[in-house]
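First the structure, in the form of structure tokens, and then the observations on it.
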Amino acid sequence: MKPGIFITGTDTEVGKTVVSAGLALALRDRGIKVGVMKPVATGCFGPDERLVSGDAAFLMEAGQNEYPALTSPQRFRNPLAPNVAAMLEKKEVNIPGILRSYRQLQKHYDFLIVEGIGGLMVPLKKDYYVANLIRDMGLPIVIVSHAGLGAINHTLLTVDAAVIRNMEVRGIIFNRVSVTNYSMAELTNPKVIHDLSGVPILGSLPEVEGLHMEGGQFGRLKEIFQERIQVDKITGSLAAIPRK
Ligand SMILES: Nc1ncnc2c1ncn2[C@@H]1O[C@H](COP(=O)(O)OP(=O)(O)O)[C@@H](O)[C@H]1O
Ligand SMILES: [Mg+2]
């Protein structure tokens, strides 16, 4: 089993793809052969035979990865929860297929970054949620959250759902935190969330200028991620042994 991390979030659009890409860029910079995976993607585009996931494309660019079919094994067109999108498209989410792709990818890379879909309780099929996939993959998680008003509730609910399922929560990353004119909530929430949950806070990412997912543009994401996020706490001992 190769080491890896599952990047989940308190919600959709919270910054899981940006954090996953930032981590891939940071690990590549350390000489680590890093693979990325988006096990289930909805809202995909392109012709039916070659549906493309924007998240997977951006992650593959960040990791300079080569195996699109393994990286993004399950793709659906409708921008809905996977079980609903699959039903509308007269398909099913193929969990054994995802786990096979995951094991294959482990043969090609030394560390895997897996981006979730929505949050922990997004259904992939009947009685099977993103949380079940994380358990089946055997990965620790990082939670991406906003830091503004509402973040305490969203983050603690996610931590709770993870802890009662015996997941290892490596930490929380706050995304799109204001660096000037921050609100009182943004200023105080990280410490409150740490104190109440006991989960490490790994850092906060500001708005990254020049970052455009559609164009595969990262702006200064690599540098900013390394300046502001405790990368070693995500990867464990792996990052301490860079190999080129
Ligand atoms: N720190 C950031 N700086 C600039 N743009 C960001 C940042 N975080 C997220 N975005 C943008 O916000 C949108 C949602 O982020 P994304 O990472 O795709 O969220 P998720 O993967 O959780 O759905 C994307 O268009 C992304 O480019
Ligand atoms: Mg995403």
Side-chain angles (χ1 to χ4, degrees), residues 5-26 36-45 51-63 65 68 71-82 85 98 112-122 124 130-131 133-134 141-148 150-151 154-155 157-158 161-162 171-183 186 189-190 201-229 231 234:
I5 194 82
F6 195 103
I7 308 291
T8 187
T10 52
D11 200 356
T12 188
E13 291 287 303
V14 74
K16 295 181 298 296
T17 308
V18 167
V19 165
S20 302
L23 180 60
L25 292 168
V36 294
M37 186 176 190
K38 176 82 188 182
V40 187
T42 60
C44 295
F45 51 85
L51 267 185
V52 172
S53 151
D55 282 10
F58 191 66
L59 294 180
M60 287 189 70
E61 184 69 26
N65 278 199
T71 301
S72 180
Q74 295 276 291
R75 302 178 302 280
F76 301 94
R77 190 180 294 281
N78 289 277
L80 296 167
I98 291 171
L112 282 190
I113 300 168
V114 183
E115 184 194 338
I117 175 155
L120 290 179
M121 295 310 286
V122 166
L124 300 184
V130 168
L133 183 64
I134 295 171
I141 68 170
V142 161
I143 298 167
V144 182
S145 177
H146 66 103
H154 296 151
T155 313
L157 280 172
T158 300
I172 299 164
I173 293 177
F174 295 102
N175 187 37
R176 289 189 130 163
V177 174
S178 315
V179 279
T180 53
N181 297 323
Y182 35 77
S183 66
E186 284 180 295
N189 278 346
I201 305 302
L202 303 171
S204 299
L205 282 183
E207 188 71 22
V208 177
E209 251 179 71
L211 187 156
H212 299 293
M213 279 185 56
E214 303 74 29
Q217 289 171 300
F218 300 104
R220 290 189 64 249
L221 179 62
K222 177 172 84 179
E223 292 79 11
I224 293 172
F225 197 90
Q226 305 200 78
E227 277 162 26
R228 294 178 177 262
I229 306 296
V231 174
I234 303 176

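Source: prediction; values computed, not measured. Residues: numbered from 1 along the sequence shown. Numbering of ligands and ligand atoms starts at 1, following listing order.
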Top protein contact for atom 26 (C) of ligand 1, by heavy-atom distance: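 Of every protein heavy atom, Val18 CG2, 3.9 Å lies nearest to atom 26 (C) of ligand 1.
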Expected output: side-chain Lys222 to main-chain Ala21 donor-acceptor under 3.5 Å: no
Short side-chain to backbone donor-acceptor contact, Asn189 and Gly148, under 3.5 Å: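 Between the backbone of Gly148 and the side chain of Asn189 there is a qualifying donor-acceptor contact (under 3.5 Å).
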Min side-chain heavy-atom separation Ser145-Thr155 under 4.5 Å: yes
Angle subtended at the Mg ion (ligand 2) by OG1 of Thr17 and OD2 of Asp55, nearest 10°: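 OG1 of Thr17, the Mg ion (ligand 2) and OD2 of Asp55 span an angle of about 90°.
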Salt bridge present between Arg228 and Glu223 (N-O < 4.0 angstrom):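 No salt bridge links Arg228 with Glu223.
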Checking contacts here: is it the side chain or the backbone of [X] that comes within 4.0 Å of ligand 1, counting heavy atoms only? Could be both or neither.
{"X": "Asn175", "value": "side chain"}
{"X": "Thr17", "value": "both"}
{"X": "Glu115", "value": "side chain"}

Donor + acceptor pair across side chains of Glu115, Ser20 (<3.5 Å):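 Note: Glu115 and Ser20 side chains miss the donor-acceptor criterion.
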Atom indices of ligand 1, in the order listed, that fall short of 4.0 Å to a heavy atom of Leu211: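 Once the distances to Leu211 are compared, the set is 27 (O).
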Where ligand 1 meets Glu207 - atom numbers and elements under 4.0 angstrom, heavy-atom basis: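 By the 4.0 Å cutoff, the relevant atoms are 3 (N), 4 (C), 5 (N).
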Selected option - heavy-atom contact closest to atom 18 (O) of ligand 1, from Glu13, Met213, Glu214, His146: Met213
Minimum non-hydrogen distance to atom 19 (O) of ligand 1, winning option of Gly15, Gly210, Gly43: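 Considering heavy atoms of Gly15, Gly210, Gly43, the nearest to atom 19 (O) of ligand 1 sits in Gly15.
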Arg176-ligand 1 polar pair, N/O distance under 3.5 Å: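 Yes; the residue has a nitrogen or oxygen that sits under 3.5 Å from a nitrogen or oxygen of the ligand.
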N/O separation below 3.5 Å, Val14 to ligand 1: yes
Qualifying residue, where the test is side chain to side chain contact (heavy atoms under 4.5 Å, CB included) with Met37 and the options are Asn65, Ile98, Leu59: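 So, applying the side chain to side chain contact (heavy atoms under 4.5 Å, CB included) to Met37 and each of Asn65, Ile98, Leu59, only Ile98 qualifies.
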Side chain to side chain contact (heavy atoms under 4.5 Å, CB included) partner of Leu202, the single match among Ile234, Ile143, Ile172: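 Running side chain to side chain contact (heavy atoms under 4.5 Å, CB included) over Ile234, Ile143, Ile172 with Leu202 returns exactly one hit, Ile234.
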Flag if over 12 foreign heavy atoms under 6.0 Å of CD, Glu227: yes
Ligand 1 contacted by Pro206 (non-hydrogen, < 4.0 Å):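 Yes, Pro206 has heavy atoms under 4.0 Å from ligand 1.
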Where Leu23 and Val231 come nearest, the two heavy atoms and their spacing: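 It is CD1-CG1, 4.0 Å.
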Closest approach to the Mg ion (ligand 2) by Glu115, given as the N, O or S atom name: OE2
